[in-house]
Visitor: 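Dropping a structure here in C-alpha cells format, bear with me for questions.
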Amino acid sequence: MAESATVRHCRRGGASGVPASRRLAPRAPRPPLRSHGNGRRAGAAGPRRRGGVEMEPAREAEEPPGSPALPAEEPQGGQPAGASPGEEALPAAAGRERGVRGAGPQGPGGRAARGRGRRGGGESGRAGRRPRVTVDSSKAKTSLEALKISLRQLRWREFPLGRRLPCDIYWHGVSFHDNDIFSGQVNKFPGMTEMVRKITLSRAVRTMQDLFPLEYNFYPRSWILPEEFPLFVDEVRMLKDSDPSWKPTFIVKPDGGCQGDGIYLVKDPSDIRLTGAIPSRPAVVQEYICKPLLVDKLKFDIRLYVLLKSLEPLEIYIAKDGLSRFCTEPYQEPTLKNLHQVFMHLTNYSLNIHSGNFIHSDDANTGSKRTFSSILCRLSSRGADVKKLWSDIISLVIKTIIALTPELKVYYQSDIPAGKPGPTCFQILGFDILLMKNLKPMLLEVNANPSMRIEHEQELSPGVFENVPSPVDEEVKVAVIRDTLRLVDPQKKKRKDVQCQALEQGPEEPLPAGPAALPSLCLKQVFPKYAKQFNYLRLLDRVAVLFIRFVGVKGTTKLGPTGFRTFIRNCKLSNSNFSMASVDILYIDITRRWNSMGIDHKESGMCLQAFIEAFFCLAQKKYKSLPLHEQVASLIDFCEYHLAALDEKRLVCGRGVVERRSAVVPCQTDGPHLTPAAHSPLLNRTATAGKFADDRNHRYEQC
Ligand code: ADP
C-alpha cells in the first residue's frame, strides 16, 4: 500500500513489526549534506530531534526516483481487434515540461501569479471577470505543499481552513470520507482505499486472471493467507514436482501494510511465520521476481501516477513521467544468506533512506530516487525498445483499473446513490511497477494515497532531522497535481467561451486569468483512447451493473437473499434442474464462505466478489463447453436480455418502475447484448487457461 496518513513509527527500534532478522542495520555515517536549491522550505519545520524508538509520523509511503520524459504508445498487451492506438508517441517532453519545476513559487506559474495577482481579486472576480475555481485544501495533509504550488500556478483560490459555502473542488489527503461533501468534485473515490489493499487487489486481479489468464500475466502468482495457505503449499509442491529446476522465492506482504512494513522473503512455504497453524496476519504471499532489471547493479521500481478521472464513463490518464526508487545495496538473486537484506531486495524509499548508501537526488538522473524518464533515456541509449515498454505499461495500467472498476462502482452507488446530492470523484493513484530483466513490467501494487510530499528529511546529526526540498519529487508531483486540476477544471468550458469573447473584443480587454503560461499537460489520456482494445475485458463491469440493480433500496454494498432470488427469477435462471431451493443453497454457501474470510463484517449479505463467484457457477452450469470468459459473457447477455425485456414490459404496462436505482449505467463495451442466442464466441480469442487458472476454475465447477 502506499502512503496513508497513518502515523508511522521508526523501524529502527524494534517495535515496528519488521522481523528482527530484517531490522535495519546500524546506520552508516551519512554522506555530507548537500545543498538543495534555495532551501526555501528547509527550515520550515526546523530541525527536529527524535528520541529513542519512536520516529516522527508520516514519512512518505513510497516514492521513486526518476528523470526524463516518456515516449509511449500502442499498448500491445491486449492484442484485441480494433483501434490501433498510439498514432502519436508521447513526446519525450518530460524534460521540457519539467521546466515548470521551478514552478511553484519560483516557477513561471508562480511568477505569473504574483505579477498578475491584482486581477485575481475576489472569488467571483470583478465585473466581467470569470470567477476563480475554489479549492478546499483543509484535508490535504501531506499533499498540501504540492497542492499549494499547483494552485498558485493555476491562480485558483485556496481555502486552507475550509469554507462555509461549497467549493468547486475538495482535496483530501486520505479518503473520500475526510469531509461530508454534497457537491463539487473530490479527489477520492469511495472504496478506493479498500480496493487497493493487498488482499483485495490480489483477489480482483485473480478474478480477471481466471477469465483472461494471458492478459493478466503481469501480476505475480499470489495466494491469500491464511485461507489459501493449504492451496499455496499444494500448488508449490505440484510445481516443484513438475519442474525440479524451479527454485522459487516468495515474498510475504501483510495486508494493509505499507512502506515495506512486515514484509519478508522465504524460500519455502514452511518458512512462513505461523501462529499455531496459520500465518499470524492476513497477508498476500507472492512469487518473488528474482530477475529484475538492474541499473547500476541496483534493483529499482517505478512509481507511476495514474489519474482515474471518471468511473462512468471510464477515463484514465497516465503521467508521462514518474519516479524510480532504488535499492541501496547491489542486487543478488535471493539465497538463504541474503534473504533478509532489505536494502538489496526492497525498493521502498522509506526503508532505503535509512541506508548509509542512500543518495539524495539533486537532479533527475542520479541518486536513489530518479525520474523514470531518466531511466528510459538510459535504456533507450542501450537500444531497448522503450516504446514497447511504454505500451506494455499502458496496458498494465488499463487492465488493472478494469479489474478494480466493478467493485468501485458498487462503492460509488452506495455512497452517492443516484438522485441524491453528492460530489463527482477523481483520483490520482500510484502504480508500483517492477521491470523484469526482459523489460516486462510487473505490477507490485496500487496506492490509493501515493505520497505527494515534495521534501525529504535529512539527518543533520544523529537523531536530528530537517526537511529539505526534493527537486525530483517536486518536478514530478507538482506537475501531476496541477495537471489533474487542469483536467477536472469545472470552468474549462466557460473559460473557452470567455477567451473567445475576449479575443473578439480586442486587445484592450484583459484576457481572463488562466493557466496560459503553463506547459502542456503531463497527463496523457489512455482510456477511452484505447477503449476498443480493452473493452472486451470489461465483463465484470456488466456483472456489477446486474448486482447493483438487485442490491436494494438503501445504500449498501451487499446483496440479500431476496435480492439474489429476484435476480435469478427476473433473469429466468431457475428451471427444473436448478430449483429455487438450490438457488438459496448457492447463496448461503458462497455468502457464508466469503463472510468467513472476515473481509467486511459491517453489513451482512453477499458482496460483489461472492456474487461474481455465484455468477461464474451459474455460467458454467449453463454453458458447459465454452471457456470461462465466454460462459460468463454468454450469461451476461442472457441476463441483460431478460432484464431489458422485463423493463420494456413494465413500461408498456404503465408501471414504469424498474429496480434499477443506480447512477451506474451498463457500460458500453461490446455494444448491445440483447440477444441471448447471439452468444457465439463473442471474443475472438482463445484464452488458454493456465494451469492454476484451471485449478481455480474448478472452484466454480464444484458449485
Ligand atoms: P509496501 O506497500 O509495503 O511497499 P510492496 O508490495 O510495494 O509493499 O512491496 C515492497 C517492495 O518489495 C517493493 O517496492 C518491491 O521492491 C518489493 N517487492 C514486492 N513484491 C515483489 C515481488 N513479487 N517480487 C520482487 N520484489 C517485490
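All ligand and atom numbering here is 1-based and tracks the order in the structure.
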Visitor: May I ask you to identify, for Met442, whether its side chain, its backbone, both or neither come under 4.0 Å of ligand 1 on a heavy-atom basis?
Guide: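 No part of Met442 is near ligand 1 at this cut-off.
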
Visitor: Could you tell me which residues satisfy ring-ring contact (aromatic ring centres under 6.0 Å, His included) with His345, sequence neighbours excluded, listed by chain and number?
Guide: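 His345: ring-ring contact (aromatic ring centres under 6.0 Å, His included) contacts with Tyr288, Tyr331.
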
Visitor: Please confirm whether the ring centroid of Phe250 lies under 6.0 Å from the ring centroid of Phe232.
Guide: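 Yes - the distance between ring centres of Phe250 and Phe232 falls below the 6.0 Å cut-off.
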
Visitor: For Lys198, counting its heavy atoms only, list the atoms of ligand 1 lying under 4.0 Å from any of them.
Guide: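 Reading through ligand 1 atom by atom, the close ones are 1 (P), 2 (O), 3 (O), 6 (O), 8 (O).
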
Visitor: Under 4.0 Å between a side-chain nitrogen and a carboxylate oxygen: does that hold for Glu287 and Lys247?
Guide: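 Here Glu287 does not pair with Lys247 in a salt bridge, since their nearest N and O are not under 4.0 Å apart.
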
Visitor: Between Glu333 and Lys291 (salt bridge meaning N to carboxylate O under 4.0 Å), is one present in this structure?
Guide: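 Counted as a salt bridge, because a side-chain N and a carboxylate O are separated by less than 4.0 Å.
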
Visitor: When the side chains of residues 434-443 are checked against the rest of the protein, which donor-acceptor pairs come out under 3.5 Å, sequence neighbours left out?
Guide:
unit_1: Asn438; atom_1: OD1; unit_2: Lys440; atom_2: N; d: 3.0
unit_1: Lys440; atom_1: NZ; unit_2: Asn217; atom_2: OD1; d: 3.1

Visitor: So if I count the atoms of ligand 1 from 1 in the order they appear, which ones are less than 4.0 Å from some heavy atom of Leu444?
Guide: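 It comes down to these atoms of ligand 1: 13 (C), 15 (C), 19 (C), 20 (N), 21 (C), 22 (C), 27 (C).
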
Visitor: Examine the proximity of ligand 1 to Lys299 and report which part, side chain or backbone, both or neither, has a heavy atom under 4.0 Å away.
Guide: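 For Lys299, the contact with ligand 1 is made by the side chain alone.
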
Visitor: So, is Asp301 polar-close to ligand 1, with some N/O to N/O distance under 3.5 Å?
Guide: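 Among all N and O atoms of Asp301, at least one is under 3.5 Å from an N or O of ligand 1.
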
Visitor: Tell me which one of Met436, Arg303, Lys253, Lys291 gets a heavy atom nearest to atom 20 (N) of ligand 1.
Guide: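 Shortest heavy-atom distance from atom 20 (N) of ligand 1: Lys253.
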
Visitor: Check this for me, if you would: do Asp255 and Lys198 make a salt bridge, where the nitrogen-to-carboxylate-oxygen distance has to be below 4.0 angstrom?
Guide: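 Not counted as a salt bridge, because no side-chain N and carboxylate O are separated by less than 4.0 Å.
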
Visitor: When you check the gap from the basic side-chain N to the acidic O, do Asp321 and Arg303 get nearer than 4.0 Å?
Guide: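 No.
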
Visitor: Relative to atom 1 (P) of ligand 1, which among Pro220, Gly260, Gly256 owns the nearest non-hydrogen atom?
Guide: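 Nearest heavy atom to atom 1 (P) of ligand 1 lies in Gly260.
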
Visitor: Identify whether the distance between the nearest side-chain nitrogen and carboxylate oxygen of Asp392 and Lys388 falls below 4.0 Å.
Guide: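 Yes, Asp392 and Lys388 are salt-bridged.
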
Visitor: For Gly257, take its heavy atoms, then give the atoms of ligand 1 lying under 4.0 Å from any of them.
Guide: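 Contacts of ligand 1 toward Gly257, numbered from 1: 2 (O).
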
Visitor: Judged on heavy-atom distance to atom 11 (C) of ligand 1, which of Val284, Val285, Ile263, Asn348 sits nearest?
Guide: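 Nearest heavy atom to atom 11 (C) of ligand 1 lies in Asn348.
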
Visitor: Of all the atoms in ligand 1, which lie at a distance below 4.0 Å from a heavy atom belonging to Leu434?
Guide: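 So the answer, numbered in order with elements, is 25 (C).
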
Visitor: Once you restrict to heavy atoms under 4.0 Å, what part of Ile251 touches ligand 1? Side chain, backbone, both or neither.
Guide: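 The answer is the side chain of Ile251.
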
Visitor: Using the side chain to side chain donor-acceptor pair (under 3.5 Å) rule, take Thr328 and Asn352 through it: C-alpha gap first, then chi angles, then the decisive distance, then the call.
Guide: CA-CA 6 Å; Thr328 42; Asn352 283 282; 2.6 Å; yes

Visitor: Considering the heavy atoms of Gln286, write down every atom of ligand 1 situated less than 4.0 Å from one of them.
Guide: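 So the atoms of ligand 1 that pass are 20 (N), 22 (C), 23 (N).
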
Visitor: At under 4.0 Å between heavy atoms, which part of Leu346 makes contact with ligand 1: side chain, backbone, both or neither?
Guide: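 The answer is both.
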
